[in-house]
Structure formats: C-alpha cells, structure tokens
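Structure first, then comments.
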Amino acid sequence: MTAIAERRWPDAFRHASLAAGGGVVLLVALMALLAPLVAPHDPFLQNLDHRLIPPVWEAEGRWAHPLGTDALGRDYLSRLIHGARISLLIALAVGLLSGLIGTGLGLAAGYYGGWVDTAVLFVLTNRLAMPGVLITLAVVAIVGGSLTVVILVLGFLNWDRFAVVVRSAAQREANRDYVLAASAHGSSALRIMLAEILPNLVGPLLVVLTVEMAHAILIEAALSFLGLGVPPPNPSWGLMVNEAKDHIFFHPWMIFIPGIAIFTLVLAINLVGDGLRDVLAPEWRP
Amino acid sequence: MTPLLEIEDLVCRYPGRRGGFFRHARPIHAINGVSLSVGEGEVVALVGESGCGKSTLARAMLGLLKPAAGAIRLDGTPLAAMTRRELARRILPVFQDPYSSLNPSKTVESIVGLPLRLNRVPAEERRRIVRAMLMRVGLSERHLARRPHQLSGGQRQRVAIARALIMEPKLVVCDEPTSSLDVSVQAQILNLLMQLRRELRLSYVLISHNLAVVERLADRVAIMYFGRIVEEGPAAAVFARPRHPYTQALRSAALSPDPDQPLPSAGLGGEVPDPAAPPSGCAFHPRCPHAMDRCRVETPDLREVNGIAVACHL
C-alpha cells in the first residue's frame with residue numbers, strides 16, 4: 001500500500017480511462033469557472049420572442065442560440081454552462097463534507113477499535129437504515145429547497161462509504177509498527193491518525209471521493225427534477241430536465257441535452273475514479 | 001547503585017477471547033511475575049519461543065502497555081509517574097521489521113526527525129542533528145529525501161536505529177533487530193548497534209531468537225518461558241552450563257555452522273501450552289524430560305545459585 005509514489009504519475013497519462021475522464025472533467029470545470037466569459041448569453045435573460053428555438057442541427061436552428069432556447073426564451077447553452085457550476089459545486093462540497101465526516105469516524109473507529117469502533121459501527125448501521133431520499137424530501141419539505149440545504153443534507157447522509165473504506169484501511173495501518181514507533185516517541189493519538197495513518201489512505205480516499213462526487217451530482221439532478229433541489233430560476237441540469245418534461249413530445253432535445261450533460265460528467269468522474277484505482281493502488285480493489 | 005531499569009513482579013494481561021455473549025472473558029496472562037534489571041551500559045538479552053511474552057515485556061518497558069500489577073522503574077522513577085514524552089526521551093524501540101516500522105509515505109528526513117519535531121526542536125537545528133545521526137548510522141545526505149521503499153532492508157533498519165537514537169536515550173529496546181534481514185546484513189547491523197553502544201554509552205534490551213547473537217553480544221541473558229523467567233544470569237555462564245531443562249533444550253536445538261555436525265535433534269516435543277488454559281504447577285512440565293510429580297503441582301520460584309537464577313525443582 002504505497003501512497004502516491006512519484007514514479008507512478010507518468011503512468012497516469014498513459015492510462016486511457018483516466019486521461020479521457022480527466023480531460024472531460026477538466027473541460028467541464030474550466031467551463032464552470034469561466035462561465036460568465038464562455039456563455040454567449042445571460043442564463044437568466046428571458047426573451048419571449050425567441051421561445052423554443054431548436055438547436056442548430058435542426059431545420060429552424062440558428063447560430064445565435066447554438067443549443068436553442070427554452071420555453072421562456074433563455075439561451076440553452078448558457079444555462080447548460082452555468083448549470084455545470086451547480087453540479088460541480090455540489091459534487092465538491094458534498095464530497096468534502098461527507099469525506100470529512102466519514103474519514104473522521106472511520107479513522108477513529110479503525111485506530112481505537114474497541115467501544116469506539118462499536119459506536120461508529122452503530123451510527124453507521126443507523127445511517128444505512130435511513131432512506132436517504134425520504135429524509136431529503138422531509139428536510140426540503142420542512143426547511144425549503146436551496147443549494148445549501150441540498151449540500152448539507154447530502155453531505156450528512158453520504159459519508160457511509162468513506163467511513164467503511166477508511167475504517168478497514170486504518171485498522172490495517174494501525175497494526176503496523178510505524179504506528180507503535182510513533183506512539184513510543186510520544187506522538188498523540190490525533191497526530192498518529194492525521195499525520196501517520198491518513199497519508200497512507202490517500203489512494204482509497206481519492207477513489208471513494210470520485211464515486212461520491214458522481215453520486216452527489218446524480219442525486220442533485222434527481223432532486224432538482226422532482227422540484228426539491230435547487231429552486232428555479234437557477235440553471236441546474238436536473239431542473240432543466242424538469243422544465244423540459246412538458247415539451248418531451250415536440251422538443252425532445254430539451255431533455256436530451258441536459259441529460260447527456262449529466263451522463264457525460266458522471267461517466268467522466270467514474271472513469272477518473274477507476275483510473276485512479278489502477279494507478280494509485282493496484283492492490284486496493286473493493 | 002540503582003540499576004537503569006528495574007522491573008519488579010510484573011504482570012501483564014490481555015483480555016481473552018469471549019466464549020459467548022454472556023460468558024465473561026478470561027484474561028490471558030502474557031507476563032506472570034517477571035523481575036529483571038538492566039544496569040547502565042549493559043546488554044540484557046531476552047530469549048524464548050514465540051508467544052512466551054518477550055514482546056509484551058518490551059511493550060510494557062516502552063510504556064505502550066499498562067501492566068496489571070508490579071512496577072517498572074527507570075532511574076528509580078516509576079514509569080506510571082512519567083509522561084509519555086519524558087519516557088520517550090530515555091527509552092526507545094527498534095522493531096523487528098523495518099518494512100513495517102517506517103511509514104511508507106514519509107521521507108527519511110521526516111522519519112528520523114519526528115522525535116525532534118515532537119520535542120519542538122527548531123527546523124534548522126533539526127536538519128543538522130538528523131544529518132549527523134544519519135552519518136553516524138552509516139547513511140549519507142543522499143538518503144535524506146528518500147522514502148522507505150527506495151531503501152534496502154539494511155538501510156531501513158539503519159534509519160530505524162537513527163530514529164531511536166536521535167533523542168539520545170539511555171536504553172534501547174531492540175525487538176529482534178536483525179531477524180528480518182539478510183544474513184550478510186545482520187552482522188553489519190549488529191556491529192553498528194555495538195559501536196553505537198560504546199559511543200553513546202547505551203544500554204540495550206535485546207530480544208532475539210538467535211542464540212549465537214545473544215551469546216556474542218549480551219552481558220546477561222534471561223530465558224523466558226510462558227510468561228516467566230526460567231533462568232537468568234551472565235550470558236557466558238548461562239550458555240556454558242545451562243541449568244534449566246528448557247535452556248538446555250534451546251541450546252541443543254540451535255543450528256551449528258559446522259556442516260559436519262548433524263542437524264540438531266528436535267529436543268522438545270509438543271507445543272507451548274495454551275495461555276487460556278495454563279498447565280498446573282511448572283508451566284514447562286508437559287514438555288520437560290525430567291518432569292517429576294512435584295513439577296505438576298508446585299510452581300518453582302527463581303532461586304539464585306552462584307549468580308545464576310533458575311526456576312526449577314531439580
């Protein structure tokens with residue numbers, strides 16, 4: 001179990017799925033970062049004269065709106081580009097929040113063992129017994145939907161995989177002599193967990209992080225589609241699919257475009273995760 | 001003169017495996033009333049089969065394990081009264097397997113410098129001390145930025161030794177320091193340990209399976225069996241004329257480097273008893289060639305004869 005060994009980085013570029021997935025993720029991230037510069041129009045600007053213009057590859061398409069406009073005359077490409085911001089923001093924030101919770105619990109459980117482990121496993125079992133979607137629905141119904149609520153709810157619900165993976169890896173590491181040596185030299189338990197054990201868990205953590213990020217994007221899209229996620233008029237991809245469902249028979253492209261965007265980004269993130277798994281720790285397979 | 005390290009009637013227990021949900025776990029006595037002392041500059045060897053409590057004793061000395069009874073005193077102060085950091089300045093370990101005792105994600109510099117960092121030595125001075133210590137154990141500045149997987153087994157063990165010595169402790173506990181190394185490297189590491197002992201006036205507790213190593217290096221030797229010391233005394237005297245049947249068996253089981261000698265006889269039949277169900281009387285009696293009725297009933301005490309202490313009814 002080596003962490004990021006230097007000599008492995010060149011392999012990362014030769015790994016096909018990692019390169020492809022990483023390329024797409026990077027492209028989407030750039031688009032999201034530079035959204036105001038890249039987007040041809042204001043994503044909120046309604047133009048009722050230009051409603052439901054189809055994309056350029058259809059007969060009535062025009063280059064002013066390459067991906068057409070929606071039912072309120074808003075430029076579809078601009079909304080798609082700005083929507084990438086929301087998806088990526090959710091992915092990062094949820095990944096970070098759930099990663100912190102899961103890693104913390106997993107480290108403590110794996111390192112201390114005993115009753116700490118039992119307590120963490122108890123919390124974990126309870127968490128796994130909770131129906132995630134129902135809880136999200138309930139919270140949104142009580143508090144109301146917003147980006148912050150979605151991030152907090154998903155962040156506090158999706159830490160289970162982090163906890164499981166980190167726990168078992170930390171258990172293995174905690175039995176090695178370097179942990180004993182550090183403690184014989186007077187390291188505190190906290191220092192041992194964070195400075196000695198954690199660096200050796202980077203590989204599995206990165207892999208779980210990608211899985212959870214892809215997962216968060218999908219759930220946000222699903223929630224927004226149900227009208228329980230990011231409230232309109234924000235340009236979320238899930239919300240775009242939701243708003244397009246009235247037009248599914250006459251303007252199916254309205255659903256295809258954000259749908260393909262979600263699919264591509266999630267696929268790309270998963271490819272990155274698969275690639276990282278091969279490159280970082282060939283021996284670590286779930 | 002008070003010895004550097006003094007162990008008195010030490011008892012260490014591990015919680016045993018629970019038989020069932022309601023049945024209470026019966027603790028396993030890993031160490032059962034061990035007394036031992038290490039003088040300044042002395043090398044004391046602990047010898048015994050796997051599972052006899054050597055490593056548990058080492059952990060207790062390092063303060064990594066809380067003894068159930070008895071006392072360990074360092075320079076007259078009980079370990080229990082010292083903080084972790086105080087203890088870590090005086091008594092430190094070198095582990096058996098340098099592949100496991102060095103963190104794979106750290107550089108040599110940060111591994112060796114860790115004890116200094118924990119004691120808040122400023123970065124510049126730290127660098128200087130780490131360099132000097134690497135030279136001392138036979139490594140060079142080139143190795144500072146390396147990670148353990150870029151080093152050979154012998155180099156790793158040198159790093160582990162450097163880490164143990166960097167705080168200039170008085171006592172180093174070496175748990176089988178050479179048994180995971182190639183034979184050709186073992187001698188180098190042992191020579192290094194002895195050279196450092198002279199230079200830094202160290203004491204060692206040397207845990208080893210290798211009787212030849214023990215005979216060469218140790219001033220005194222303690223033979224352990226099943227959580228007790230069965231024979232203890234000056235190394236030369238103990239090996240010249242082992243008294244306890246277990247020591248005799250160990251001695252005769254050692255391989256001789258002379259190829260004309262036949263393979264040693266297995267000596268002892270049977271296995272180490274199950275610690276969860278210890279035998280009555282002398283723990284060695286089921287395997288002892290000279291076992292008498294008395295051995296099955298009465299646990300022998302350590303008795304000193306001519307400077308050698310033996311726990312046997314014979």
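Below, read A as the first sequence line, B as the second, and so on, with proteins coming before strands; counting in each chain starts at 1.
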Open item on the list: Can you tell me how far apart CZ (Arg176(A)) and CG (Asn103(B)) are? Round to the nearest 0.5 Å.
Closed with: 8.5 Å

Open item on the list: Using heavy-atom distances under 4.5 Å, tell me whether Leu102(B) contacts chain A through its side chain, its backbone, both, or neither.
Closed with: backbone

- [ ] Look at the side chain of Lys106(B) and the backbone N and O of Ala195(A), then say whether any donor-acceptor pair between them is shorter than 3.5 Å.
- [x] yes

Open item on the list: Minimum heavy-atom separation for Pro104(B) and Asn200(A), please, with both atom names.
Closed with: CG-OD1, 3.5 Å

- [ ] Return yes when atom OH of Tyr99(B) has more than 12 non-hydrogen atoms of other residues, nucleotides or ligands closer than 6.0 Å, and no otherwise.
- [x] yes

Open item on the list: Testing the basics here: between Ser101(B) and Ala181(A), what is the closest heavy-atom pair and its distance to 0.1 Å?
Closed with: O-CB, 4.3 Å

Task: Members of residues 94-102 of chain A whose heavy atoms come closer than 4.5 Å to chain B - done: none

Open item on the list: I'd like to check Pro93(B) versus Leu180(A) (side-chain heavy atoms, cut-off strictly below 4.5 Å). Are they in contact?
Closed with: no

Task: Distance in Å, Asp97(B) CG paired with Asp177(A) CG, rounded so as to fall on 0.5 Å steps - done: 6.5 Å

Open item on the list: Heavy atom to heavy atom, less than 4.5 Å: which residues from residues 124-132 of chain B reach chain A?
Closed with: none

TODO: Working to the nearest 0.5 Å, report the span between CG of Leu114(B) and OG of Ser187(A).
DONE: 4.5 Å

- [ ] Could you tell me the separation between the CG atom of Leu92(B) and the NE2 atom of His185(A), rounded to the nearest 0.5 Å?
- [x] 4.0 Å

- [ ] Below 4.5 Å from any heavy atom of chain A, which atoms of Arg89(B) appear? Answer side chain, backbone, both or neither.
- [x] neither

